[in-house]
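Notes follow once the structure below has been shown.
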Protein chains: 2
Amino acid sequence: MTNRMLDTQDPCGAVLIALADPTRRRIFEVLVHKPRSVAAVAQTVPVSRPAVSQHLRQLSDAGLVTVTKEGTRNIYAARREGVEVLRRYLDGLWSDVLTAFAEHVELKEQK
Amino acid sequence: MTNRMLDTQDPCGAVLIALADPTRRRIFEVLVHKPRSVAAVAQTVPVSRPAVSQHLRQLSDAGLVTVTKEGTRNIYAARREGVEVLRRYLDGLWSDVLTAFAEHVELKEQK
DNA sequence: ACTTACGGTAAGTTATGACTAACCGAATGC
DNA sequence: GCATTCGGTTAGTCATAACTTACCGTAAGT
């Protein structure tokens, strides 16, 4: 039996951290609307281009965006599956078997 | 015409920030399993009680938990509606009318 | 009344993360 | 070849946020 605790452990921590920052969330939303180059993204946000590059790195590490080299420029695009990870986490919060198990334990402890 | 941008603005920013911190997310998960007092929560997490108190404050401000005074102790409980706000944000990312509008603008700009 | 458990608040420290400026390599155009 | 555009990386600064210790009010127990 594989340990479900380990499987479920923190697949969305990076996603939450990535989306928590206002600038980074804005960048992500911009990319949801349309894939763009780094410079194009930088124009839509009040920070420098290197800052955008660093944010894109974090978004990429979190699986929220993809990169495709297109000549000299890198086109970033939002990844639906990235937010799916987070959605599944939210869905599993109350319905997770761990919750059921925990409640079961609680009931046992009460007697 | 009311500005939908303003209506939609940042209802989940506080939620994302609250859940982004590992300790705070752990506390929230613990409360999902079962409502607990502050001291009880503090036992499940490797930080001091005042730290837990501060985290609970943030979770409360984000609408993720509720408090009910019970004698001398404060019982905190996870709030399902709190995460619903975040889920709605995720759902609306691609289906939002703003996306459709933005794409419409893009097409217009291309001619 | 005194004591004890509970918990929020304040002040101060420390760590982390967001940002800029400067630098560098790589691909394109002349 | 040279200049230019694009973009990732580094070093360093600054702000914020997480944490602890100390303190104070409040509600219950004796």
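Computed from a predicted structure; not experimentally measured. Proteins get letters first, then strands, A, B, ... in listed order; numbering begins at 1 in each.
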Mapping Glu70(A) and Gln54(A) to their closest nucleotides on DNA chain C, which lands nearer the 5' end?
Gln54(A)
N or O in side chain of Thr72(B) less than 4.0 angstrom from dA5(C) OP1/OP2:
no
Are Ile75(B) and Phe28(B) grouped together when hydrophobic residues (ILVMFWY) are joined by side-chain heavy atoms under 4.5 angstrom apart?
no
Measure across Leu16(B) and Leu19(A) and return the closest heavy-atom pair with its distance rounded to 0.1 Å.
CD1-O, 3.5 Å
I'd like to know if the side chain of Arg79(B) reaches the main chain of Gly63(B), judged simply by a donor and an acceptor atom lying under 3.5 Å from each other, with no hydrogens or angles considered.
yes
CG of Asp21(B) versus P of dT16(D): gap in Å, rounded?
17 Å
Checking Arg25(B) against Tyr89(A): charged group under 6.0 Å from the ring centre and within 45 degrees of the axis?
yes
Side-chain N or O of Asn74(B) closer than 4.0 Å to phosphate OP1/OP2 of dC6(C)
no
Presence of Ser53(A) side-chain N/O under 4.0 Å of dG7(D) phosphate oxygens OP1/OP2:
no
Leu56(A) CG to dG8(D) P, straight-line distance once rounded to whole Å:
7 Å
Out of dA18(D), dC19(C), dT20(D), which has the shortest distance to the side chain of His55(B)?
dA18(D)
Whole-Å distance separating the CZ atom of Arg36(B) from the P atom of dC6(C)
15 Å
Quick one: on DNA chain C, does Gly71(A) or Ile75(B) contact a more 5' nucleotide (nearest heavy atom)?
Ile75(B)
note: Arg73(A), atom CZ; dT28(C), atom C1'; distance rounded to Å ~ 10 Å
Starting the side chain at C-beta, find the nucleotide from dC19(C), dG8(D), dG7(D) nearest to Tyr76(A).
dG8(D)
Could you check whether any side-chain heavy atom of Trp94(A) comes within less than 4.5 Å of a side-chain heavy atom of Arg80(B), counting everything from C-beta outward?
yes
State whether the distance check finds a donor on one side and an acceptor on the other, under 3.5 Å, for side chain Arg49(A) versus base dG8(D).
yes
Gap between atoms CG and P, on Leu19(B) and dA18(D) respectively (whole Å)
12 Å
Whole-Å distance between dC19(D) C1' and Ile27(B) CD1?
12 Å
Take the protein atom CG of Leu59(A) and the nucleotide atom P of dG7(D), then report the distance between them rounded to whole Å.
16 Å
Which part of the nucleic acid, if any, lies within reach of Gln58(B) when heavy atoms closer than 4.0 Å are counted: base, sugar-phosphate only, or nothing?
sugar-phosphate
Would one find a side-chain N or O of Ser37(B) under 4.0 angstrom from OP1 or OP2 of dC6(C)?
no
Please work out if Ala39(B) contacts a base, only the sugar-phosphate, or nothing of the nucleic acid, heavy-atom cut-off 4.0 Å.
sugar-phosphate
For the side chain of Arg24(B) and the backbone of Ile17(B), is there at least one donor-acceptor N/O pair under 3.5 Å apart?
yes
So, does Arg57(A) get its side chain near the phosphate of dT9(D), meaning an N or O under 4.0 Å from OP1 or OP2?
yes
Is there a donor on the side chain of Arg24(A) or the base of dG17(C) sitting less than 3.5 Å from an acceptor on the other?
no
Taking only the side-chain heavy atoms of Val38(B) (C-beta and beyond), determine which of dA18(C), dG7(C), dG7(D) contains the nearest atom.
dG7(C)
To the nearest angstrom, the CD1-P distance between Ile17(A) and dG17(C) comes to 7 Å
